[in-house]
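This one's a predicted model, so the numbers in the text were calculated from it and none came from an experiment. Basis for what follows: all heavy atoms, side chains included, without hydrogens, waters or symmetry-related copies. A, B, ... follow the sequence lines: proteins, then strands. Residue 1 opens every chain.
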Protein chains: 2
Amino acid sequence: MAEQAETLRRAPLSRDRVLRAAVALADQAGIESLSMRNLAQELGVVPMALYKHVSNKDELLDGMIDVVVGEIDAPVSEADWKHAVRQRILSARQVLRRHPWAPLAIESRNMATPAILAYLDSVIGTFRAGGFSVDLAHHVMHAMGSRILGFSQELFDATRRAGRSGRTEPTPPAVLPPEVAARFPHVAEIAMAAAHDDASVLGQGCDDQFEFEFALDLLLDGIERLQQQGWASPRRHRKASG
Amino acid sequence: MAEQAETLRRAPLSRDRVLRAAVALADQAGIESLSMRNLAQELGVVPMALYKHVSNKDELLDGMIDVVVGEIDAPVSEADWKHAVRQRILSARQVLRRHPWAPLAIESRNMATPAILAYLDSVIGTFRAGGFSVDLAHHVMHAMGSRILGFSQELFDATRRAGRSGRTEPTPPAVLPPEVAARFPHVAEIAMAAAHDDASVLGQGCDDQFEFEFALDLLLDGIERLQQQGWASPRRHRKASG
DNA sequence: AAGGTTAGGTGTACGCCGTACACCTGTCAA
DNA sequence: TTGACAGGTGTACGGCGTACACCTAACCTT
């Protein structure tokens, strides 16, 4: 009867429950402490039970990515492709900020999951509806890179690794040590300027959202200019000059 | 005496030898098969011997990154910041293409290594010498993101995981299956167009180098325009609108 | 030459990981 | 009633990073 009590206490497992629990665990404990064993424990179940619902850990990660990408808002219907894409991407960014482990997870998988394909397809559709040629839409998608999913891959982003650590501590007061500043004067100059306002070290003390929108608009403006000029591929699909 | 023979046969270990062996192993066998044990075996040594030269695996990875970044050419001295930066970045790209594991490794570390800081400092210096304000240089560096190091993070890049697999097989002939094409028509359309020329699936069948330069020039042109307009930060370091 | 310090390679062991495989049990269709 | 099967269990294996104690040869000092 103790067994029955246990069995009743917890809802039956399902692929969906497994994936959501995995996302929640990665969100709050960090992706590096998401193991099959930890996840099973979280669900009150023995590790091997998970394998009845996901075939292995890689597939678990793929599923988690799909859960996250599925949270991105549906496309807004706007006449203007530029604003439509911009808004969609900023919405994607909001989602990814809730799941700091997701960018790295997405980049380290090497095939697109269905949810990501659907998202990309939808964004391409917006470009095409805005009058982009297939080629231009293609190149533009490449140019956007991961930014299309709402994350710029900053070279170093501490928030990507641990779960809540980025949010609770406002910013470690670790201004760069003087001997570092001496060796890298231009980096120091930028860090110094950024520190006036907010915090300390490059990439942490500056306004992420502003930087993201700055780059996004830089790209969108450039793209708009190409499209208005009736851009045609200068050298279509030939191997470029090394 | 057998021991002596062994000891003589191999060069003595050193941090540098360890790092270079690690890079070579990752290059040819893929980053996922770089373990302390494999690396030690490659060097004809017991695993724990490595810890006399690197303090742990994370630090090993940092060292490997420094080795790779150290391979990037010195900056060209040109009057024109745009060409100088462009050439430097394309040089970085050449290097990173020899070490397909490096982009992911770089992104997953969360602090800058000395070699990377030196590289970034040098690039910032080029912008500053070209007349950029500190703020504009700062934002521009963010906008370039990892592209400054020569890799766009394509959403899915198969070459990043395995070692030589990307090079030997020209391209798996896996055109996307028809039911996928039906669900994602815009993706299919692009894949189809790209397949005319080279190969198959999105991100694999298209010309990486072209896409990279397309995005790079898009950014550089936009940056040039801002700089020529005497760009000043519209809202300096205030939290941007969500 | 003698003795102590130390840099660097060795061997063993621990706890974690993913997961193969055999097993049990409750549910439901025939 | 029976038998298939979906789904949770238990054990076990090989691989991982690495702590810790140990050995050994080179070198510096007296």
Nucleotide of D:dG17, D:dT9, C:dT19 approaching A:Lys57 most closely (side-chain heavy atoms): C:dT19
Counting side-chain heavy atoms from CB outward, which of C:dG9, D:dG8, C:dT19 is closest to A:Ala49? D:dG8
What one should report as the nearest heavy-atom pair of A:Thr126 and A:Val85 is CG2-CG2, 3.8 Å
Let me know the distance between CG of B:Asn38 and C1' of D:dG14, rounded to the nearest Å. 13 Å
d(CZ, B:Arg17; P, C:dG8) in whole Å: 13 Å
Find the distance B:Ile31:CD1 to D:dC16:P and express it as a whole number of Å. 13 Å
Classify the side chain of B:Arg37 and the base of D:dG15 as holding, or not holding, a donor-acceptor pair under 3.5 Å. no
Find the distance A:Leu39:CG to C:dG18:C1' and express it as a whole number of Å. 13 Å
Closest approach of A:Ala26 to A:Met64 (non-hydrogen atoms, all atoms of both residues): CB-CE, 3.9 Å
Report the distance from atom CG of B:Leu34 to atom P of D:dG15, rounded to the nearest whole Å. 16 Å
Atom-to-atom span, CD of A:Glu59 to C1' of C:dT19 - whole angstrom: 14 Å
Looking only at heavy atoms, the pair that brings A:Arg88 and A:Ser122 closest together is NH1-OG, 2.6 Å
For nucleotides 19-21 of chain D, give me every protein contact, N/O to N/O, under 3.5 Å, one pair per line with atom names.
none

Can you tell me how far P of C:dT10 sits from CG of B:Leu43, to the nearest Å? 11 Å
Under 4.0 Å between a side-chain N or O of B:His53 and OP1 or OP2 of C:dA7? no
Rounded to the nearest Å, what distance is computed from the CG atom of residue B:Leu61 to the C1' atom of nucleotide D:dC16? 14 Å
Hey, is A:Asp58 close enough to A:Arg109 for a salt bridge, meaning N to O under 4.0 Å? yes
For residues B:Arg147 and A:Ala143, report the shortest heavy-atom separation together with the two atoms involved. NH2-O, 3.0 Å
Before accepting this row, confirm whether a basic side-chain N of the pair B:Glu59/B:Arg15 lies closer than 4.0 Å to the acidic partner's carboxylate O. yes
Of the non-hydrogen atoms in B:Phe151 and B:Pro103, which two are nearest, and what is the gap between them? CD1-CB, 3.5 Å
